[in-house]
Amino acid sequence: LKMYLRMTEDPTNDFERLRSPMPNLEVLEVGCSAQWGGSRARVSLPRIFSGHYPHLKHLSIQHFTSTPPRAFTNLVTLVLSYSQGRVMMVDFLKLIAGSPRLEELWVKRYLVISPMGSDPPVPVALKWLASITLENCDSRLILSVLRIPANAKLRIMYPMHYLGRLPRQA
């Protein structure tokens with residue numbers, strides 16, 4: 001079972017569809033329009049499917065500032081894109097740590113921040129990860145908190161106009 005949900009107006013009705021258990025759901029792509037609530041809207045994805053989605057393997061979350069605190073223990077693919085505002089490092093790590101079977105992780109225009117003066121986070125080991133793509137995000141920060149296998153495919157992508165601003169290695 002696959003579900004694709006794009007929220008564009010009042011999210012109340014859309015969120016109601018996400019509350020009932022979905023035991024056969026394998027793929028979920030959920031996002032809200034960047035224009036919904038204004039370009040600076042802070043939209044939190046609520047606890048979905050009453051926490052019951054045992055077969056969910058592929059999850060794509062777009063334009064949200066936070067995700068449900070529930071673990072996605074069977075995920076093999078996770079796509080996080082276009083965060084609306086800043087996502088706290090601790091929330092990002094909870095989501096990743098709650099998905100220990102990840103094989104593919106894609107982070108695109110997702111602003112993860114670590115508060116100044118906070119203790120360094122404990123890195124999360126992703127022993128099954130085969131591919132990680134970091135696009136237009138703070139790849140250095142994200143990689144500093146993940147432990148990935150040596151044979152994992154790593155792609156870091158920036159737009160061409162940004163490449164001239166990257167620090168040069170001596």
Side-chain angles (χ1 to χ4, degrees), residues 4 6-7 27-48 56-170:
Y4 304 94
R6 169 81 43 204
M7 293 175 244
V27 177
L28 173 62
E29 291 186 16
V30 62
C32 68
S33 172
Q35 62 208 5
W36 169 63
S39 62
R40 296 192 177 186
R42 295 191 56 80
V43 184
S44 297
L45 186 61
R47 182 180 166 130
I48 57 176
L56 187 62
K57 296 197 180 337
H58 308 279
L59 176 62
S60 175
I61 301 172
Q62 302 170 7
H63 295 285
F64 286 94
T65 56
S66 67
T67 56
R70 180 81 179 185
F72 296 98
T73 56
N74 290 319
L75 276 188
V76 293
T77 304
L78 176 60
V79 178
L80 301 170
S81 57
Y82 301 98
S83 64
Q84 293 293 92
R86 297 179 181 123
V87 177
M88 298 304 292
M89 177 61 75
V90 65
D91 296 330
F92 174 75
L93 288 177
K94 281 181 187 175
L95 178 60
I96 301 299
S99 307
R101 297 181 181 174
L102 277 182
E103 295 174 12
E104 182 178 5
L105 175 62
W106 189 306
V107 182
K108 179 179 183 177
R109 291 189 180 181
Y110 204 74
L111 182 59
V112 177
I113 63 163
S114 188
M116 297 298 287
S118 62
D119 292 331
V122 175
V124 174
L126 296 172
K127 63 182 179 179
W128 301 109
L129 198 70
S131 173
I132 180 171
T133 301
L134 303 172
E135 183 177 347
N136 296 349
C137 61
D138 190 342
S139 55
R140 187 177 302 171
L141 178 62
I142 292 171
L143 288 172
S144 74
V145 296
L146 299 179
R147 296 295 170 256
I148 60 176
N151 62 341
K153 178 181 170 184
L154 170 64
R155 291 185 339 170
I156 299 175
M157 299 167 26
Y158 291 99
M160 291 301 288
H161 70 273
Y162 187 77
L163 291 177
R165 296 184 218 155
L166 294 175
R168 298 194 186 271
Q169 298 295 323

Taking all heavy atoms of Val107 and all of Cys137, pick out the closest pair and write down the distance. O-SG, 3.8 Å
Once side-chain contact (heavy atoms from CB on, under 4.5 Å) is applied, do any residues pair with Lys108, and if so which ones, sequence neighbours excluded? Ser81, Tyr82, Trp106, Glu135
Any side-chain heavy atom of Val145 within less than 4.5 Å of one from Val124? no
Can you list the residues that meet the side-chain hydrogen bond (donor to acceptor under 3.5 Å, both in side chains) rule with Arg147, with sequence neighbours excluded? none
Kindly give the heavy-atom pair with the smallest separation between Pro123 and Ser144, and that separation in Å. CG-O, 4.5 Å
Decide yes or no on side chain to side chain contact (heavy atoms under 4.5 Å, CB included) for Trp128 and Val76, but give the supporting numbers first. CA-CA 9 Å; Trp128 301 109; Val76 293; over 6 Å; no
Residues in side-chain hydrogen bond (donor to acceptor under 3.5 Å, both in side chains) contact with Arg101, at least two apart in sequence or another chain: Asn74
Does some side-chain heavy atom of Leu102 sit less than 4.5 Å from a side-chain heavy atom of Ile132? no
Taken in chain and number order and not counting sequence neighbours, the residues that satisfy side-chain contact (heavy atoms from CB on, under 4.5 Å) with Thr77 are His58, Val79, Glu104
Taking the side chain as every heavy atom from C-beta outward, state whether Leu59 and Phe72 have any atom pair closer than 4.5 Å. yes
Which atom names give the shortest non-hydrogen contact between Phe92 and Ile142, and what distance separates them? CZ-CG2, 4.0 Å
All side-chain hydrogen bond (donor to acceptor under 3.5 Å, both in side chains) counterparts of Asp138, not counting sequence neighbours: none
Apply side-chain hydrogen bond (donor to acceptor under 3.5 Å, both in side chains) to Ser99 and list each qualifying residue two or more places apart in sequence or on a separate chain. none
Contact summary for Ser139 and Ile156, nearest pair of heavy atoms: OG-CG2, 3.7 Å
Is any side-chain heavy atom of Leu78 closer than 4.5 Å to a side-chain heavy atom of Ile96? yes
Run the numbers on Leu129 and Leu146 for side chain to side chain contact (heavy atoms under 4.5 Å, CB included), then give the verdict. CA-CA 10 Å; Leu129 198 70; Leu146 299 179; 5.8 Å; no
Please name the pair of heavy atoms, one in Leu143 and one in Ile148, separated by the smallest distance, quoted to 0.1 Å. CD2-CD1, 4.5 Å
